[in-house]
Amino acid sequence: MAIKIQNITKQFGDFRAVDDVSFEIEHGQLVAVLGPSGSGKSTILRIIAGLETPDSGEVFLTGEEATDIPIQERNVGFVFQHYALFKHMTVWDNVAFGLEVRKVPKEKIQSRVDELLKLVQLSGYSRRYPSQLSGGQRQRVALARALAPEPKVLLLDEPFGALDSKVREELREWLRRLHDEMHVTSLFVTHDQEEALEVSDKVVIVNKGKIEQIGSPQEVYKHPKTPFVTSFIGPVNVVPGRLFGSHDETTYVRPHEIDLTYDVPEGKGGKVLPALVRRLNHVGANVKVDLELADGNTLQVHLTPERLSELSLVEGEQVFVSPKEMKVFTEDYTI
Amino acid sequence: MAEKKLFSFSEKGAKLRVVLISVVVLYIGVLVVAPLSALVRAVLLSDVGSLGKVLLQPDVFYAFGLTLALALAAVVLNTFFGLIVAWVMVRHHFPGKKFLNGLIDLPFAVSPVVVGYVLFLLFGRDGWFGSLDNWIGIPILFSWPSMLAATVFVSLPFVIREVMPVLQEIGTDQDQASYTLGANQWQTFWRVLLPSIRWGLLYGMTLTFARSLGEFGAVFVVSGAITQQTETATLFIYRSVEEREYLAGYSVALILAGLSFCILFLIEYLKKKEEKRLTHGH
Amino acid sequence: MKTGKSRLLSRSLRITAITYLVVMLVLPLLALFSDSLSEGIVSFWKNMSQPVALHALKLTLITASVMAVVNAIMGTITAYVLTRYSFFGKSLLSSLVDIPFAIPTLVTGVMLVILYGPNGVVGTWLKEVFNLQVVFAPTGILLALLFVGLPYVVRSVQPVLHEVDVDQEEAASTMGASTWLTFRRVLFPALRPAILSGTLLSFARALGEFGSVVVVAGNIPMYSQTASVYIMGEIESQNQVAASSMSVVLLTLSFATILFVDWYTRDKSLEAGEVPEVAEV
């Protein structure tokens with residue numbers, strides 16, 4: 001195991017930021033810790049780095065107990081949310097810093113820094129200062145700086161949080177490729193489910209200081225274990241009461257896992273519901289259809305443009321709703 | 001109609017502008033420029049020979065030497081302790097912090113005479129530290145230790161007050177980054193923290209130096225003003241004026257004023273540099 | 001982070017800081033207060049109610065107050081001119097404003113005596129034409145205090161003026177408000193805290209001013225002797241209780257002023273949403 005944390009708890013005043021959290025990460029994986037803001041995900045990352053001390057629990061890095069090892073000796077690479085580049089140093093000096101404080105020989109520093117700057121595609125920028133770089137470039141310098149001392153694990157706190165959406169997408173693809181090249185065990189924190197699902201090998205979903213689910217992106221998307229995960233990962237229709245059956249349950253259906261028909265499809269007897277088409281929205285790759293069920297609940301369905309033209313739907317029409325996939329949780333779950 | 005109003009306003013505005021600028025120029029002219037030129041004129045009107053004679057007195061050299069030594073020592077002490085105090089005030093939490101923080105401004109408020117007098121009380125024969133001089137073997141009152149204490153006291157807030165906001169602003173990210181990269185606290189201080197606060201610190205040190213150079217009241221009380229022993233530049237000026245040795249007093253005053261100007265320009269330069277760094281930093 | 005070594009360092013830094021402040025600031029304060037009350041509150045009162053002491057205190061308060069009022073008005077105008085207008089020699093004027101911060105106050109006193117003294121050009125002229133004696137009189141004290149206090153209001157108002165949009169003023173004046181009304185209703189409320197804190201700081205400073213005053217005032221008891229010069233005299237004549245009593249009064253007045261400013265401005269900055277505390281390391 002590259003990283004293992006066991007029963008970690010951390011309290012700030014009255015606020016329990018991390019509540020008995022345990023998980024393991026294998027060598028070479030790229031793992032996302034996903035959760036809304038205030039869920040304790042950054043605190044977990046900072047505890048692994050040694051920037052915070054847990055109230056209880058243990059941290060293991062590459063198999064060794066690291067809970068009481070000072071930050072300096074943990075040899076983790078940390079990329080801060082706002083990069084925390086040294087403003088008074090050039091790009092080159094920033095990347096070289098971790099090697100210089102370890103008294104690595106000069107020639108070795110030179111070649112390692114050059115290699116890293118090439119890797120992050122900033123070779124021509126070595127003499128610039130952080131203030132002369134764009135957000136994306138700063139992010140890459142921060143990454144190169146964290147990688148320079150060849151850390152055992154790489155930790156990234158909201159690595160793309162401060163960037164605009166276009167740069168963000170480019171960078172996360174790039175991070176994935178970089179990771180495939182370097183194979184450094186990496187753990188990153190994000191509140192963006194799309195980012196987590198797209199980039200990582202494994203997702204740890206946290207909410208209110210607790211782990212909700214751990215699994216591959218496929219798993220957490222296809223088989224969410226809790227109402228929180230279901231509604232946090234991707235758009236979902238939340239319908240109070242069971243769509244087909246008893247009352248004290250809530251049904252979760254993803255908008256694109258619903259089909260619409262004019263007639264009751266054969267063999268699907270009890271699994272369809274009548275509904276009224278309220279509104280069609282053609283913006284984006286899918287057409288969004290707002291429906292009203294007989295009991296007054298609303299439902300959103302995403303259809304491909306092809307399916308829509310097959311159906312030739314009109315607002316105000318009556319249709320039948322047939323969910324292809326749905327999740328039912330008993331009601332005492334709160335989201 | 002609206003246009004006319006705007007026009008009349010701007011005409012009125014132009015008139016107001018001339019009036020206000022004239023008032024300010026006149027005020028600062030009378031208050032600052034006139035006395036300064038009077039001092040320059042008084043010194044320049046004298047002949048070079050007598051000017052050279054008064055300035056080459058050993059008393060003058062001694063006084064300047066002592067003033068510089070005291071000011072430099074005050075800068076060293078207040079930089080060292082000021083950095084620690086600023087750090088603790090920004091990064092630590094402890095009961096009584098607010099009280100201490102308010103107290104830091106005390107030297108800005110206290111009359112220099114009172115400062116001197118308090119030291120006089122502390123180190124005097126019946127004072128709380130009255131026997132300290134026997135103990136360490138050198139005299140404190142009417143000697144350099146109490147003069148240094150007075151100088152350090154009056155210039156205490158500058159480094160602290162300049163460094164605190166800078167420390168506040170840079171936050172903890174950069175030193176945490178430094179730790180994760182394997183640097184120890186010593187390396188982090190010298191290579192990350194100190195360079196980040198250097199302009200604020202330098203600015204505070206310059207202010208400390210300027211304030212120390214010109215200190216008069218507190219040093220006057222504790223020094224005894226003994227020629228060539230405890231006589232600083234300001235004490236020399238005072239004695240000269242009292243003894244009607246006007247040329248000596250005025251010329252040393254002019255040199256001290258000149259020194260202050262140089263420091264003032266240095267401060268303005270540092271300020272610009274700091275502003276540039278701030279706008280650059282975005 | 002909180003390993004044994006770093007905790008030790010952190011603790012020793014804190015102890016050093018607190019010890020330094022206590023030795024340098026708290027101890028002297030305690031010494032002064034205990035000395036002034038060493039012979040009881042009665043002798044403290046007796047000393048303070050002597051005519052010479054009372055007059056010195058009164059003169060100090062009056063000159064400092066007059067200075068504060070003049071300084072508030074002229075400082076605000078100066079700040080306005082320096083931020084809103086551009087004209088030839090502006091940066092020189094701006095540098096001149098800082099001179100009183102840099103120049104030793106004793107030198108200030110000497111300069112004023114040269115100019116306005118009995119042998120000075122302006123001094124003789126004023127004496128002959130208006131029969132006005134500036135130096136060795138309360139007027140000289142006022143002049144010295146004005147010089148020393150000049151930068152305080154200007155430098156505290158300037159940044160605020162920078163923040164206030166010219167648009168607001170222009171909007172008010174296009175709505176037909178007169179210049180005076182614009183100032184009173186739009187600009188002044190925004191500037192008031194800065195003017196007040198600058199003025200009070202210069203007032204506190206003026207209460208204790210010594211170097212310039214001792215040269216300019218002539219120090220005639222019951223006429224031109226200020227509180228700090230009075231203390232000096234009492235020290236020289238070894239009248240400790242008198243010196244201590246006046247010191248306590250002076251220190252209390254000026255420190256209370258400074259603390260008020262501190263509290264007043266901090267309150268404002270908190271309202272503006274600043275978060276002053278950073279996590280402890």
Side-chain angles (χ1 to χ4, degrees), chain B residues 9 12 16-17 20-21 23-24 27-28 31-32 34-36 38-39 42 81 84-85 87-88 90-94 100 102-103 105-106 108-114 117-118 121-122 128 153 156 168 171-172 185 210 213-214 216-217 221 234 237-238 241 249-250 253 256-257 260 263-264 268, chain C residues 6 9 13-14 16-18 20-21 24-26 28 31-32 35 74 77-78 80-81 85 87 93 95-99 102-107 110-112 114-115 120 146-147 150 173-174 179 204 208 210-211 215 228 231-232 235 243 247 250-251 254-255 258-259 262 276 278-281:
Chain B
F9 165 71
K12 216 165 86 193
L16 184 71
R17 176 176 182 269
L20 286 183
I21 292 177
V23 166
V24 168
Y27 184 68
I28 292 178
L31 205 59
V32 181
L36 258 178
L39 175 63
F81 288 107
I84 295 175
V85 171
W87 173 268
V88 169
V90 173
R91 296 285 179 88
H92 287 210
H93 304 280
F94 53 90
L100 279 183
L103 216 58
D105 290 326
L106 183 71
F108 283 152
V110 188
S111 172
V113 181
V114 176
Y117 177 60
V118 169
L121 284 179
L122 279 173
W128 292 352
F153 183 94
L156 180 131
Q168 197 90 259
T172 54
Q185 279 159 323
L213 273 192
F216 169 64
V221 177
T234 48
I237 297 169
Y238 187 67
V241 173
Y250 295 172
L256 213 52
S260 312
I263 294 168
L264 181 67
E268 305 243 309
Chain C
S6 83
L9 178 72
L13 283 179
R14 185 186 303 186
T16 310
I18 294 173
Y20 188 63
L21 293 181
M24 290 302 296
L25 302 174
V26 181
L32 178 62
D35 191 81
M74 291 312 295
I77 297 177
T78 307
Y80 189 86
V81 166
Y85 300 142
F87 51 93
L93 197 68
S95 299
L96 286 174
V97 170
D98 277 333
I99 282 185
I103 232 166
T105 57
L106 180 70
V107 176
V110 169
M111 293 188 322
L112 290 175
I114 297 174
L115 186 64
L146 279 173
F147 182 97
L150 173 70
S173 58
T174 52
T179 315
F210 177 69
V215 185
S228 51
I231 296 170
M232 191 70 223
I235 299 171
S247 292
L250 211 50
L251 187 128
S254 46
F255 196 46
I258 284 243
L259 282 184
D262 202 45
V278 179
E280 180 172 326
V281 170

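Letters A, B, ... mirror the listed sequences (proteins, then strands); counts begin at 1.
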J.: Hey, are the side chains of W87(B) and T16(C) touching, using non-hydrogen atoms and a 4.5 Å cut-off?
T.: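 Contact flag for W87(B)/T16(C) side chains = no.
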J.: Rounded to the nearest 0.5 Å, what separates atom CG in L21(C) from atom CG in L100(B)?
T.: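 It comes to 5.5 Å.
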J.: Using a cut-off of under 4.5 Å on heavy-atom pairs, state which of L93(C), I77(C), L251(C), I99(C) scores highest against chain B.
T.: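 Most heavy-atom pairs under 4.5 Å with chain B: I99(C).
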J.: Find the distance between CD1 (I258(C)) and CG (L106(B)) and round it off to the nearest 0.5 Å.
T.: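 Atom-to-atom, I258(C):CD1 and L106(B):CG are 8.5 Å apart.
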J.: Between F147(C) and chain B, with a heavy-atom cut-off of 4.5 Å, which part of the residue counts as in contact: side chain, backbone, both or neither?
T.: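 For F147(C), backbone and side chain are both near chain B.
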J.: For F255(C), enumerate each residue passing the ring-ring contact (aromatic ring centres under 6.0 Å, His included) test, keeping only those at least two apart in sequence or located in another chain.
T.: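 Per chain and number, F255(C) pairs via ring-ring contact (aromatic ring centres under 6.0 Å, His included) with no residue.
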J.: Once rounded to the nearest 0.5 Å, what's the spacing between atom CD1 of I114(C) and atom CG of L36(B)?
T.: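 Going from the CD1 atom of I114(C) to the CG atom of L36(B) covers 10.0 Å.
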J.: Grab the two heavy atoms, one from Y117(B) and one from S247(C), that are nearest each other, plus how far apart they are.
T.: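 Scanning both residues, the minimum pair turns out to be CD2-OG, 3.6 Å.
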J.: Please look at L20(B) and chain C and tell me whether the side chain, the backbone, both or neither of the residue comes under 4.5 angstrom of a heavy atom of that chain.
T.: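 Looking at L20(B), backbone and side chain both touch chain C.
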J.: Would V24(B) and Y80(C) count as a side-chain contact (heavy atoms from CB on, under 4.5 Å) here? Give the steps.
T.: CA-CA 10 Å; V24(B) 168; Y80(C) 189 86; over 6 Å; no
J.: Pick whichever of L112(C), T105(C), L96(C), V97(C) has the most heavy-atom pairs under 4.5 Å with chain B.
T.: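 Heavy-atom pairs under 4.5 Å are most numerous for L96(C).
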J.: Considering only heavy atoms from C-beta outward, does the side chain of L213(B) approach that of P104(C) to under 4.5 Å?
T.: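 A side-chain contact under 4.5 Å is absent here.
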J.: Can you say whether I21(B) sits under 4.5 Å from chain C via the side chain, the backbone, both, or neither, judging by heavy atoms?
T.: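 Both the backbone and the side chain of I21(B) come within 4.5 Å of chain C.
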J.: Nearest 0.5 angstrom please: L13(C) CG to R91(B) CZ, how far?
T.: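 Rounded to the nearest 0.5 Å, the CG-CZ separation comes out at 11.5 Å.
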J.: For the atom pair OH (Y27(B)) and OG1 (T78(C)), what is the distance rounded to the nearest 0.5 Å?
T.: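 Between Y27(B) OH and T78(C) OG1, I get 7.0 Å after rounding to 0.5 Å.
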J.: Shorter than 4.5 Å, heavy atoms on both sides: which option in L39(B), V23(B), I237(B) has the most such pairs with chain C?
T.: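 Winner by heavy-atom pair count: L39(B).
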J.: Is chain C contacted by the side chain of A42(B), its backbone, both, or neither, given a heavy-atom distance below 4.5 Å?
T.: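 When you check distances to chain C, only side chain atoms of A42(B) fall under 4.5 Å.
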J.: Where do I28(B) and M74(C) land on the side-chain contact (heavy atoms from CB on, under 4.5 Å) test, with the steps shown first?
T.: CA-CA 10 Å; I28(B) 292 178; M74(C) 291 312 295; over 6 Å; no
J.: How close do L31(B) and L146(C) get, counting heavy atoms only, and between which atoms?
T.: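 So the two residues come closest at CD2-O, 3.6 Å.
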J.: Which atom pair, heavy atoms only, marks the closest approach of H92(B) to R14(C)?
T.: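 For H92(B) and R14(C), the tightest heavy-atom pair comes out as ND1-NE, 3.0 Å.
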J.: Do F81(B) and M24(C) make a side-chain contact, defined as non-hydrogen atoms from C-beta onward lying under 4.5 Å apart?
T.: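 Side-chain contact under 4.5 Å: no.
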J.: Under 4.5 Å heavy-atom distance to chain C, tell me which part of V241(B) shows up: side chain, backbone, both or neither.
T.: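 When you check distances to chain C, only side chain atoms of V241(B) fall under 4.5 Å.
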J.: Give the minimum heavy-atom separation between A31(C) and L121(B), together with the two atoms involved.
T.: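 Looking at all heavy atoms of both residues, the shortest contact is O-CD1, 4.3 Å.
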J.: Where do F87(C) and R17(B) come nearest, in terms of heavy atoms and distance?
T.: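 Shortest heavy-atom separation between F87(C) and R17(B) comes out as CB-NH2, 4.0 Å.
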J.: With side chains defined as the heavy atoms from C-beta onward, is the minimum distance between L25(C) and F153(B) less than 4.5 Å?
T.: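 Side-chain contact under 4.5 Å: yes.
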J.: List in chain and number order the residues that pass side-chain hydrogen bond (donor to acceptor under 3.5 Å, both in side chains) with S111(B), two or more places apart in sequence or in another chain; answer none if no residue qualifies.
T.: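 Applying side-chain hydrogen bond (donor to acceptor under 3.5 Å, both in side chains) to S111(B) gives none.
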J.: Heavy-atom distances under 4.5 Å only: say whether I103(C) touches chain B with side chain, backbone, both or neither.
T.: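 Contact with chain B is through both the backbone and side chain of I103(C).
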J.: L32(C), I231(C), V215(C), V26(C): which one forms the most heavy-atom pairs within less than 4.5 Å of chain B?
T.: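 Winner by heavy-atom pair count: L32(C).
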J.: Examine distances only and state if a side-chain atom of S254(C) and a backbone atom of A109(B) form a donor-acceptor pair shorter than 3.5 Å.
T.: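 Checking the backbone N and O of A109(B) against the side chain of S254(C), a donor-acceptor pair under 3.5 Å is found.
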J.: Is chain C contacted by the side chain of L103(B), its backbone, both, or neither, given a heavy-atom distance below 4.5 Å?
T.: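 L103(B) touches chain C through backbone and side-chain heavy atoms alike.
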J.: Which heavy atom of G102(B) sits nearest to which heavy atom of D262(C), and what is that distance?
T.: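 So the two residues come closest at CA-OD2, 4.2 Å.
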J.: With rounding to the nearest 0.5 Å, note down the distance linking CD1 in I263(B) to CG in D98(C).
T.: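 Nearest 0.5 Å value for the CD1-CG distance: 13.5 Å.
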J.: Using non-hydrogen atoms only, which part of L106(C) is less than 4.5 Å away from chain B: side chain, backbone, both, or neither?
T.: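 Only the side chain of L106(C) comes within 4.5 Å of chain B.
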J.: Identify which part of V88(B) has an atom lying under 4.5 Å from any heavy atom of chain C, answering side chain, backbone, both or neither.
T.: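 The answer is the side chain of V88(B).
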